[in-house]
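Please read the structure below before turning to the comments.
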Amino acid sequence: MSKPSIPKGTRDFLPNQMVKRNYIFNTIKSVFKNYGFLPIETPAMEKTETLMGKYGEEGDRLIFKILNSGDFLKKVDSNELKDRDGRKITQKISEKALRYDLTVPFARFVVQHQNDIAFPFKRYQIQPVWRADRPQKGRYREFFQCDVDIIGSNSLLNEVELVQIFDDVLTNLNIPDFTVKINNRKILAGLVEVLGHPDKLIDITVAIDKLDKIGVEKVCDELRQKDVSEQAIEKLTPLLTIQGDNNEVLAVVTDIVKDSEIGRKGIEELNYVLDTVKSIGLKNAKVEFLPSLARGLNYYTGAIFEVTANNVNIGSICGGGRYDDLTSIFGLKDISGVGISFGADRIYDVLEELDLFPIEIASTTKVLFVNFGEQEAAHCLKLVKELRENGISSELFPDKAKMKKQMTYADNKSIPYVAMVGSNEMEKGLISLKNMESGEQKDVTIQDLITLLNN
RNA sequence: GUGAUUGUAGCUCAGCUGGUUAGAGUAUCGGUUUGUGGUUCCGAGGGUCGCGGGUUCGAAUCCCGUCUUUCACCCCA
C-alpha cells in the first residue's frame, strides 16, 4: 500500500503551525469584536444553485460540486449521457457544492433569517472556503477567509470603518508595510460609459486590472483583442499612464468620467471615503486610489478594496467591497452590504516570510514536572493542580522515563521551566525549578512559583 | 482549464553518460551519565528510489501513463 495522502491543494496543520494560525485568527477576531461585529457560521456546502452564476463564468468553473448520494445517475437519461453536455449533466447529478467564499452564503443567510436579524447587521465569519484552482504559491484549494460585513446600511461610514479594520488588524499583526488599494465600481461603470462600451465593463476592467503586471502596451493589446475601439483606448491612456499621489490621480480620473452621472457618483463616494479616513488618521496603512483595480467578483457595485503586503511576493492578502443588491437574487430587495475578507493563509505566508510571528506564542505549557516515580508523581499531581487552578498551564510527564528524555521533551515543546520534585524536595516542601533558557536552578515554594509565573 | 516543472530514509539532499547488498547530514530510539535538555562520544532501526506499465541481460537512472510539488497563463484570498 502506498503512503496515505491528502487531496491536491489541501494541507494538514501541525501543532506549531496551528499555534501560529490561531494567533492570526485571534488577532483578527479581537479587532472584529472591538468594532461590534457578531459571529455566525454557515455550512461547508450550499445548494449548487445558491452559488452558481455569482462569481462569473470563471468562478463557476472553480466551484467544487458534490456528487449526489446513491444512484446519482438516475435522473440522467442515456441520450444526455451521449451528448456529453457537462453543464446539463452536472445539474442533475450534483445538487450541493462547497462554498467558494463567505459573502454569497452570507447573503443567503440574511434573506433566510431576515426576521431574526436587526439591521444594520454586522457579522463576522471565519471559515474555510474551497476553490478548484491549480495550487501555486499562496494559492490553495482549501483556505480560510475571515469576513466582516455590514448589511442593511448604505452609509459610507461603513467603508471608512472597514479601512480602519484593515489598519488595526494588520498593524496588530506587526506587518510593517502594507497598502490598502481602493477604487469604486461606479467609476469603472462611468468609465466604460464614456468610452462608448457600456456593455464591456467586465472585459475592460479585467484588462486594466493587469496594468501593474503586464504594462500599458499589453493592456492596450488585450483591449484591442476584445474589440475596444482605438478612440476609447486613446481616451483611457491617461488613466493607464498617470503617476502621482491620490489627488493627482483623482483629478485625471474625475476629468475622464465627468460626463457620466454614475461616474461622478463614484468619484463623490470615493472622495468621501478618502477624506474621512484621512481626517480620522490611520496607524500604518497606506491608502492608494488605484483606478485600475477591478476585482473579479461580479457582485460588487460600489467601493472595492484590495490589500497587499509590500516587499513580499504573495498576491493580495485581503479584499472586499460593496454589493448593493446581492440579497435580491435570493428575494430580498434594496438591502446593501459592504464587507471585507482577510486571507488567513496568505497572511500566514507573509508573517512567515518576514519572520513576524512573536516567539512567545510557541509554548503553551509554562512548567513541566519531571516524573521520578509513583510516589513523587502523586505529590506533583497536587502541585500541578494548584498551578492550573491559578491559570498556569502545566503538565506532569506521564511516565517515569529517563531524565534526559523528559528534559528533551520540555526542550522540544519550548517549555520555559522544568520542576523537579524528588524525595528530598518532598520532605522540605520545595520545588527545584530550572529555567530552561538560562540553565539556572533554584529551590522555590509553590507560592513562589505561582507569583513567578503569573507575571 | 493551457503550458512547463518536481518526486530517493520522518526532514534536507547526494547517487556521473542505465551495471554488484542505494548513501550523507539531521531527527528518532538505545548505551555512555540508574536526578538534568539545547552543547560529549558510540551504536541501532528506518527506503520494493511517488504509483502503474514498458524498453533492456540489467532501471533510482531511459520511454509512456497517473498522482503530487513548484511556476507561468487564466483567475484569485
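Scope of the values below: all heavy atoms of this structure, side chains included, with no hydrogens, waters or symmetry mates.
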Between [X] and [Y], does at least one N-O distance fall below 4.0 Å, as a salt bridge requires?
X: A/Glu230; Y: A/Arg224; answer: yes
X: A/Asp345; Y: A/Arg21; answer: yes
X: A/Glu46; Y: A/Arg108; answer: yes
X: A/Glu269; Y: A/Arg185; answer: no

May I ask you to evaluate whether [X] reaches the phosphate of [N], defined as a side-chain N or O under 4.0 Å from OP1 or OP2?
X: A/Lys405; N: B/C29; result: yes
X: A/Lys210; N: B/C74; result: yes
X: A/Lys8; N: B/U68; result: yes
X: A/Lys213; N: B/C73; result: yes

How many whole angstroms separate atom [atom1] of [X] from atom [atom2] of [N]?
X: A/Glu440; N: B/G37; atom1: CD; atom2: P; result: 17 Å
X: A/Lys413; N: B/G37; atom1: NZ; atom2: P; result: 20 Å
X: A/Tyr100; N: B/A77; atom1: OH; atom2: P; result: 7 Å

For B/U69, which nucleotide is its Watson-Crick or G-U wobble mate, given both distances must be under 3.5 Å?
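B/U69 is unpaired by these criteria.
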
Within residues 303-324 of chain A, residues whose heavy atoms come under 4.0 Å of RNA chain B
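Close to the strand are A/Ser316, A/Ile317, A/Cys318.
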
Can you give each donor-acceptor pair under 3.5 Å made by side-chain atoms of residues 25-32 of chain A, sequence neighbours left out, with the distance rounded to 0.1 Å?
| unit_1 | atom_1 | unit_2 | atom_2 | d |
| --- | --- | --- | --- | --- |
| A/Asn26 | ND2 | A/Asn22 | O | 3.1 |
| A/Thr27 | OG1 | A/Tyr23 | O | 2.6 |
| A/Ser30 | OG | A/Asn26 | O | 3.4 |
| A/Ser30 | OG | A/Thr27 | O | 3.0 |

Taking donor-acceptor contacts at under 3.5 Å, does the side chain of [X] reach the base of [N]?
X: A/Glu376; N: B/G35; answer: no
X: A/Gln406; N: B/U36; answer: no
X: A/Arg131; N: B/C75; answer: no

